[in-house]
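Only heavy atoms go into these numbers, but all of them, side chains included; no hydrogens, no water, no symmetry mates. Computed from a prediction, not measured in an experiment: that's the story for all the values here.
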Amino acid sequence: MKKAIFCAAMLAVVVSGLWAKKTPDLYDEKKMHPTDRSGLEKFLGTNRYDVFDEAVMYITPVFGKTKAKRGNFIYRRGTDVAGFRIYYDTTAYTVEMAQEPRKICCDAIDKYMEDFAEKRLDKSAKKEKTRKIYGSAPGYQEYGVAMNMMNYRAKPKFNFGYAFVNGNPYFVIHVDKAKNLALEGKSTDLPNLESIAQNYYFTRAQAQKLKEFISEENIGGYHAEEEAKLEKMKADAEADVYVESDSEEDYTERDDYTEIKTKEKKNAKNKEEQNPENAEDAY
């Protein structure tokens with residue numbers, strides 16, 4: 001019996017290890033922070049992503065009532081990651097999703113729209129249940145005291161559902177609290193500053209705008225444009241090849257041109273010194 005339990009436990013460990021290997025990190029460091037950024041850009045927190053149209057939604061601050069907030073849609077260049085950035089209370093946050101999480105979010109918005117139209121939204125249900133009813137997905141966030149100083153990052157779970165606020169139903173993205181990965185493994189006296197739990201509420205019009213931006217049709221188009229630009233830069237670089245020539249017209253491009261001209265001037269000066277009649281009168 002003990003042997004059977006031990007074998008079952010070992011099998012579970014092996015299966016768990018295989019599953020971990022098959023589940024890639026959608027937001028690995030190299031992908032999210034490419035090395036082509038300059039030191040100044042890294043210090044200032046710039047050139048991380050492209051900023052697009054205004055994104056409007058509602059948030060519930062830690063203290064106070066639910067209120068409308070304005071942010072921006074963002075796309076991380078050269079990747080499949082997109083979402084929005086906004087101030088939540090006094091902290092700037094991004095809400096970013098890779099391709100599969102974006103699809104889950106878009107499907108959740110479609111389900112919300114359908115449930116809204118068919119009047120299937122349950123006003124009496126608990127928010128803890130309904131705000132996760134349409135599924136969840138791994139997400140990515142950067143956060144900090146300002147938009148250009150988001151030096152912390154986290155990989156929380158994003159939950160999709162709906163919630164009633166003041167009697168009205170909203171599509172909601174509930175973000176779980178998560179640890180700060182920027183300080184992981186570092187020796188510092190700074191507090192962990194983990195991300196807080198967040199709730200982003202969208203009207204039907206706002207949810208539709210979010211879906212249109214993060215849809216694969218839209219983000220895939222941006223990604224294709226980036227790939228085309230990179231291919232053109234590569235082709236231009238390969239075409240810009242220097243070819244040496246021995247013709248007189250191209251002689252100035254040779255490395256020994258300066259040396260030859262120096263020798264010619266020196267020879268001319270020697271000839272002038274050998275012919276006094278050509279020299280100026282001495283004073």
Is there a donor-acceptor contact under 3.5 Å from the side chain of [X] to the main chain of [Y]?
X	Y	answer
Tyr88	Thr94	no
Lys31	Leu26	yes
Tyr75	Thr79	yes
Asn72	Val51	no
Glu100	Ala98	no
Tyr27	Pro138	yes

Sorted by chain and residue number, the side-chain hydrogen bond (donor to acceptor under 3.5 Å, both in side chains) partners of Tyr134 (sequence neighbours excluded) come out as Asp115

Kindly work out whether a path of hydrophobic side-chain contacts (I/L/V/M/F/W/Y, heavy atoms less than 4.5 Å apart) joins [X] to [Y].
X	Y	result
Phe158	Tyr162	yes
Ile196	Leu181	no
Tyr201	Met97	no
Leu121	Ile109	yes
Phe160	Ile214	yes

Does [X] come within less than 4.0 Å of [Y], counting only side-chain N to carboxylate O?
X	Y	result
Asp107	Arg102	no
Glu96	Arg153	no
Asp110	Lys211	yes

Ile219 to Ala82 - nearest heavy-atom pair and separation: CD1-CB, 3.5 Å

On a heavy-atom basis, which atom in Ala178 and which in Pro156 lie closest, and how many Å separate them? CB-CB, 3.7 Å

Taking salt bridge (charged side-chain N to carboxylate O under 4.0 Å, His left out) as the cut-off, I'd like each qualifying pair that reaches into residues 123-140, sequence neighbours left out, listed once. none

Atom pair [atom1]/[atom2] of [X] and [Y] - distance to nearest 0.5 Å:
X	Y	atom1	atom2	answer
Lys69	Lys67	NZ	NZ	5.5 Å
Asp50	Arg76	CG	CZ	11.0 Å
Thr203	Phe116	OG1	CZ	9.5 Å
Ile86	Thr91	CD1	OG1	12.5 Å
Cys106	Lys111	SG	NZ	12.0 Å

Mind checking what makes salt bridge (Lys or Arg N to Asp or Glu O under 4.0 Å) contact with Glu217, not counting sequence neighbours? none

Quick one: list whatever passes salt bridge (Lys or Arg N to Asp or Glu O under 4.0 Å) with Lys155, sequence neighbours left out. Asp25

Tyr152-Tyr143 aromatic ring centre distance below 6.0 Å: yes

With side-chain hydrogen bond (donor to acceptor under 3.5 Å, both in side chains) as the criterion, how do Asp122 and Ser124 come out once you've worked through the C-alpha distance, each side chain's angles and the decisive distance to 0.1 Å? CA-CA 6 Å; Asp122 189 355; Ser124 63; 2.7 Å; yes

Review item, side-chain donor-acceptor pairs of residues 169-177, under 3.5 Å, at least two apart:
{"unit_1": "His174", "atom_1": "ND1", "unit_2": "Asn199", "atom_2": "OD1", "d": "2.7"}
{"unit_1": "His174", "atom_1": "NE2", "unit_2": "Asp176", "atom_2": "OD1", "d": "3.3"}
{"unit_1": "Asp176", "atom_1": "OD1", "unit_2": "Asn159", "atom_2": "ND2", "d": "3.1"}

Result block: side-chain N/O donor-acceptor pairs under 3.5 angstrom for residues 54-64, not counting sequence neighbours:
{"unit_1": "Glu54", "atom_1": "OE1", "unit_2": "Arg70", "atom_2": "NH1", "d": "2.9"}
{"unit_1": "Thr60", "atom_1": "OG1", "unit_2": "Thr66", "atom_2": "OG1", "d": "2.9"}

Evaluate the side-chain proximity of Phe202 to Gln208: yes if any heavy-atom separation is below 4.5 Å, no if none is. no

Assess the residue pair Glu142 and Arg85 against the criterion (salt bridge (charged side-chain N to carboxylate O under 4.0 Å, His left out)); give the C-alpha distance rounded to whole Å, side-chain angles, the decisive distance to 0.1 Å, and a yes or no. CA-CA 9 Å; Glu142 289 183 339; Arg85 68 178 188 180; over 6 Å; no

Passing candidate, ring-ring contact (aromatic ring centres under 6.0 Å, His included) with Phe84, options Tyr200, Tyr49, Phe213: Tyr200

Any chance CG of Asp28 has more than 12 other-residue heavy atoms, nucleotides or ligands included, within less than 6.0 Å? yes

